[in-house]
Participant: 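This is the structure I have questions about; it appears just below.
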Amino acid sequence: MSSSRTRFAPSPTGYFHVGGARTALFSWLYARQHGGTFVLRLEDTDRERSTQASIDIILEGMSWLGLDWDEGPIYQSQNLPDHVAKAAQLLATGAAYRCYATPAESGAAREAAKAAGNPSWKYTGPDCVIALDEQARRAAQGAPSVVRFRVPRSTGPVQFRDLVYGDQAIDPNELDDFVLLRTDGSPLYMLSVVCDDLLSQISHVIRGQDHLSNTPKQVLLYQALGAPVPQFAHLPLIMAAGGEKMSKRKHGDAVSVTTYRDRGVLPAAMVNFIALLGWSPASEGETREIFTRAELIERFNLERINRSNAKFTFDQHDARKWTDPKAQAINAEYVRTTPLDELLPHLRPVLLAAGLWQDEFDGAQRDWFRATLELIRERFWTLLDFADQGRAYLSDEFPYDPKAVQKNLLKEPRLAALLPQLADRVAGLTAYSADTVEEALRALAEESGVGAGALINGLRTAVTGQAVGPGAFVLCEAVGRERVVARLRGAPAVMASAGA
RNA sequence: GGCCCCAUAGUCCAGUGGUUAGGACGCGGGCCUUUCAAGCCUGAGGCACGGGUUCAAUUCCCGUUGGGGCUACCA
């Protein structure tokens with residue numbers, strides 16, 4: 001089956017939609033599984049809205065997701081001459097005809113029919129709106145015309161099998177004699193997709209279900225062109241929480257792939273999550289939901305794609321719910337478990353951007369750095385957490401979370417005196433380790449009569465600026481004696497400035 | 001409006017003509033702990049409705065309702 005050829009054909013008119021990303025992923029998975037070819041095509045023929053910036057965003061997004069293409073990017077605009085030629089061919093064979101009715105006239109006919117109780121009126125033939133002789137007169141005057149496809153209406157329903165939605169049979173009378181070429185001679189989408197897919201010899205058209213209703217027209221076009229009809233597989237749509245189609249304008253950044261990269265999501269996590277939207281790898285009682293790219297390629301199949309739309313739940317006004325909670329959970333899983341060697345290439349840019357990267361992390365401090373990452377990532381959710389929650393572990397410049405200071409330092413005023421005392425004891429330890437720090441702290445707690453818990457939490461906040469994190473003593477090991485001592489000594493100042 | 005598609009917890013997915021209808025996320029409770037957006041245990045929560053077919057329907061058929069898509073000289 002090395003002849004499988006799939007494509008992803010977005011129109012570069014803005015951001016890279018997560019729904020598009022899933023369509024791209026499924027097409028890519030199919031091609032990879034079958035040793036086929038994955039083609040990237042940019043449908044840039046909407047000159048008003050297509051931009052280079054958008055093209056770049058899509059290309060970057062695809063690369064980020066690891067969806068490499070074998071051919072392309074093909075620019076639809078460059079194939080326009082072919083589309084026009086194909087229209088000419090259809091005209092020549094009689095499968096299409098010139099139509100001199102104006103948009104206003106056909107629109108009026110539609111309205112009139114509707115008013116007369118025929119809501120499903122279609123443009124069904126050359127003379128259905130303007131008499132042929134009148135059209136001939138206009139032609140003689142050199143009036144503008146469009147090219148319409150002549151829908152075959154006497155050969156029964158248009159049939160095709162959708163690999164997801166099953167057998168389809170559409171009454172051709174539900175189809176307009178749709179326009180192929182505009183008045184200015186430029187091709188319309190319906191013609192262009194077919195021509196481009198033909199040009200690329202696409203064997204499996206995998207795309208959103210929003211194209212299902214237009215597929216009969218395309219099937220007719222393939223047939224009129226004497227070309228083989230590809231296999232179709234339409235994917236259920238991904239809707240916003242409210243049930244409507246997701247758009248960045250209405251639903252914000254969670255709709256855009258770029259956002260996920262910028263918010264510290266790992267591409268493998270994104271791919272994993274998105275793969276599970278509308279498809280299931282379930283087999284022999286499989287309940288696992290974390291899959292590597294290789295596993296996805298191995299298990300993917302069009303047969304297990306379901307037919308109902310999925311909903312993306314998120315709340316753009318709630319920071320915790322910036323995207324679907326399950327997407328976040330899957331990403332957390334990846335952040336916590338991806339082998340460091342794989343994680344680092346994604347983490348390094350984040351640390352660099354935050355001014356936290358040190359070349360020693362790759363040299364003298366390598367072991368410490370890696371051990372520290374392992375320690376702190378245990379409860380991280382995104383790559384960005386390394387740069388904020390993890391900041392105090394990698395740098396001496398870090399902020400104190402006001403709530404943590406309030407809860408763990410200010411509530412126990414005696415800490416202002418005790419923490420520096422603890423610093424002295426820690427400084428004097430013969431051996432520095434989580435255990436010895438703990439001993440020292442518990443001894444101080446006992447002697448001073450302050451609860452060990454208060455001291456422990458005070459230590460955590462004084463050393464990391466946070467209220468949560470790894471165990472307070474192991475944390476001290478990661479941060480190092482020198483820094484721990486210095487930060488404990490600085491605690492009174494932190495308390496004073498926060499209390500003031 | 002017309003045509004087409006869809007319907008298992010709040011969400012994403014499994015599943016079956018007879019099941020205690022399963023998993024994940026989220027949510028509640030408990031345990032652990034110095035903390036928790038960590039870990040472990042545990043709980044609540046679902047087959048949209050109405051007709052059929054059948055000994056038996058969540059499952060098959062029809063309808064209703066609900067949701068979605070398409071319906072351009074946009075892509």
Side-chain angles (χ1 to χ4, degrees), chain A residues 9-13 43-46 48-50 76 99 101-103 106-107 110 114 117-122 144-148 162 164-166 168 170-171 173-176 178-184 186 188-190 192-193 208-216 234 236-237 239 241 243-245 273 276-283 285-290 304 306-314 320-321 324-330 332 336 378-381 385 389 404 407-408 438 441 451-461 466-473 475:
Chain A
S11 39
T13 55
E43 305 205 324
D44 61 339
T45 46
D46 185 334
E48 296 293 303
R49 300 193 299 147
S50 295
Q76 183 164 68
C99 168
T102 66
S106 54
R110 197 180 303 275
K114 195 179 283 184
N118 178 14
S120 58
W121 181 89
K122 299 294 176 197
S145 64
V146 295
V147 172
R148 280 186 191 273
D162 187 275
V164 172
Y165 287 93
Q168 308 288 315
I170 279 72
D171 180 350
N173 292 310
E174 293 297 335
L175 271 23
D176 275 304
F178 53 100
V179 176
L180 260 19
L181 254 35
R182 295 184 180 85
T183 308
D184 67 3
S186 60
L188 253 14
Y189 171 75
M190 211 62 74
S192 294
V193 246
Q209 185 240 54
D210 48 342
H211 291 280
L212 185 59
S213 298
N214 283 326
T215 304
H234 287 91
L237 269 20
M239 316 300 287
E244 332 103 281
K245 215 169 175 177
F273 172 68
L276 263 22
L277 243 33
W279 174 74
S280 165
S283 64
E286 178 72 81
T287 59
R288 207 156 50 105
E289 300 209 326
I290 299 293
R304 291 201 64 85
N306 68 31
R307 287 173 287 278
S308 49
N309 294 342
K311 247 179 253 178
F312 226 53
T313 48
F314 59 89
R320 275 281 177 83
K321 297 178 189 158
D324 195 291
K326 187 160 179 173
Q328 295 191 52
I330 288 178
R336 293 168 193 167
E378 214 170 280
R379 49 206 83 190
F380 282 176
W381 286 70
D385 290 337
Q389 290 184 54
K407 181 180 164 220
N408 289 343
E438 177 164 12
L441 183 143
L455 214 41
I456 288 167
N457 282 321
L459 164 72
R460 174 197 308 289
T461 299
Q466 308 270 315
V468 301
F473 305 113
L475 161 175

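Naming: A, B, ... by sequence-line order, numbering from 1 per chain.
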Participant: Take the protein atom CG of A:Asp210 and the nucleotide atom C1' of B:rA75, then report the distance between them rounded to whole Å.
Facilitator: 10 Å

Participant: Looking at the base of B:rC73, is there any donor atom on it, or on the side chain of A:Thr183, that sits under 3.5 Å from an acceptor on the other one?
Facilitator: yes

Participant: Name the closest nucleotide to the A:Lys122 side chain, picking from B:rU71, B:rA75, B:rA72.
Facilitator: B:rU71

Participant: Answer yes or no: is there an ion pair linking A:Asp171 with A:Lys122, defined by an N-O contact shorter than 4.0 Å?
Facilitator: no

Participant: Consider the side chain of A:Leu277, meaning its heavy atoms from C-beta on, and name the nucleotide among B:rC6, B:rC12, B:rA72 that approaches it most closely.
Facilitator: B:rC12

Participant: Among the nucleotides B:rC70, B:rA75, B:rA37, which one has an atom lying closest to any side-chain atom of A:Arg320?
Facilitator: B:rA37

Participant: Looking at B:rA75, B:rU35, B:rC13, which one has an atom nearest to any side-chain atom of A:Ala310?
Facilitator: B:rC13

Participant: Between atom CG in A:Asn408 and atom P in B:rU35, what is the gap in whole Å?
Facilitator: 10 Å

Participant: Rounded to the nearest angstrom, tell me the gap between atom CD in A:Gln328 and atom P in B:rC12.
Facilitator: 16 Å

Participant: I want to verify a distance call: between B:rA37, B:rG68, B:rC70, whose nearest atom is closest to the A:Leu237 side chain?
Facilitator: B:rG68

Participant: By nearest atom, which of the nucleotides B:rG69, B:rC25, B:rG23 is closest to the A:Glu289 side chain?
Facilitator: B:rG23

Participant: Could you list the residues that satisfy side chain to side chain donor-acceptor pair (under 3.5 Å) with A:Ser106, not counting sequence neighbours?
Facilitator: none

Participant: Without decimals, in angstroms, what is the distance between A:Gln168 CD and B:rC6 P?
Facilitator: 8 Å

Participant: What is the separation between atom CH2 on A:Trp381 and atom P on B:rG26, rounded to the nearest whole Å?
Facilitator: 5 Å

Participant: Which base, if any, makes a Watson-Crick or G-U wobble pair with B:rG1, both distances under 3.5 Å?
Facilitator: B:rU71

Participant: If you check the A:Lys326 side chain, which of B:rC73, B:rC25, B:rA37 turns out closest?
Facilitator: B:rC25

Participant: Taking for each residue the nucleotide of RNA chain B with the nearest heavy atom, is it A:Phe473 or A:Trp279 whose nucleotide lies nearer the 5' end?
Facilitator: A:Trp279

Participant: For the side chain of A:Arg307, counting heavy atoms from C-beta on, which of B:rA37, B:rC6, B:rU34 is nearest?
Facilitator: B:rC6

Participant: Go through B:rG26, B:rC73, B:rC6 for me and flag the one nearest to the A:Tyr165 side chain.
Facilitator: B:rC6

Participant: So which nucleotide does B:rC25 pair with, by the Watson-Crick or G-U wobble rule with both distances under 3.5 Å?
Facilitator: B:rG10

Participant: Which part of the nucleic acid does A:Ala329 contact within heavy-atom distance under 4.0 Å: base, sugar-phosphate only, or nothing?
Facilitator: sugar-phosphate

Participant: Whole angstrom is fine here: how far is it from CD1 in A:Ile170 over to P in B:rC70?
Facilitator: 15 Å

Participant: Please give, in whole Å, the distance from B:rC25 P to A:Phe312 CZ?
Facilitator: 17 Å

Participant: Return the pairing partner of B:rC60 with a 3.5 Å limit on both distances, Watson-Crick or G-U wobble; otherwise return none.
Facilitator: B:rG52

Participant: What integer distance in Å separates A:Asn214:CG from B:rC5:P?
Facilitator: 15 Å

Participant: Nearest to the A:Glu174 side chain among B:rC4, B:rA75, B:rC3, which nucleotide is it?
Facilitator: B:rC3

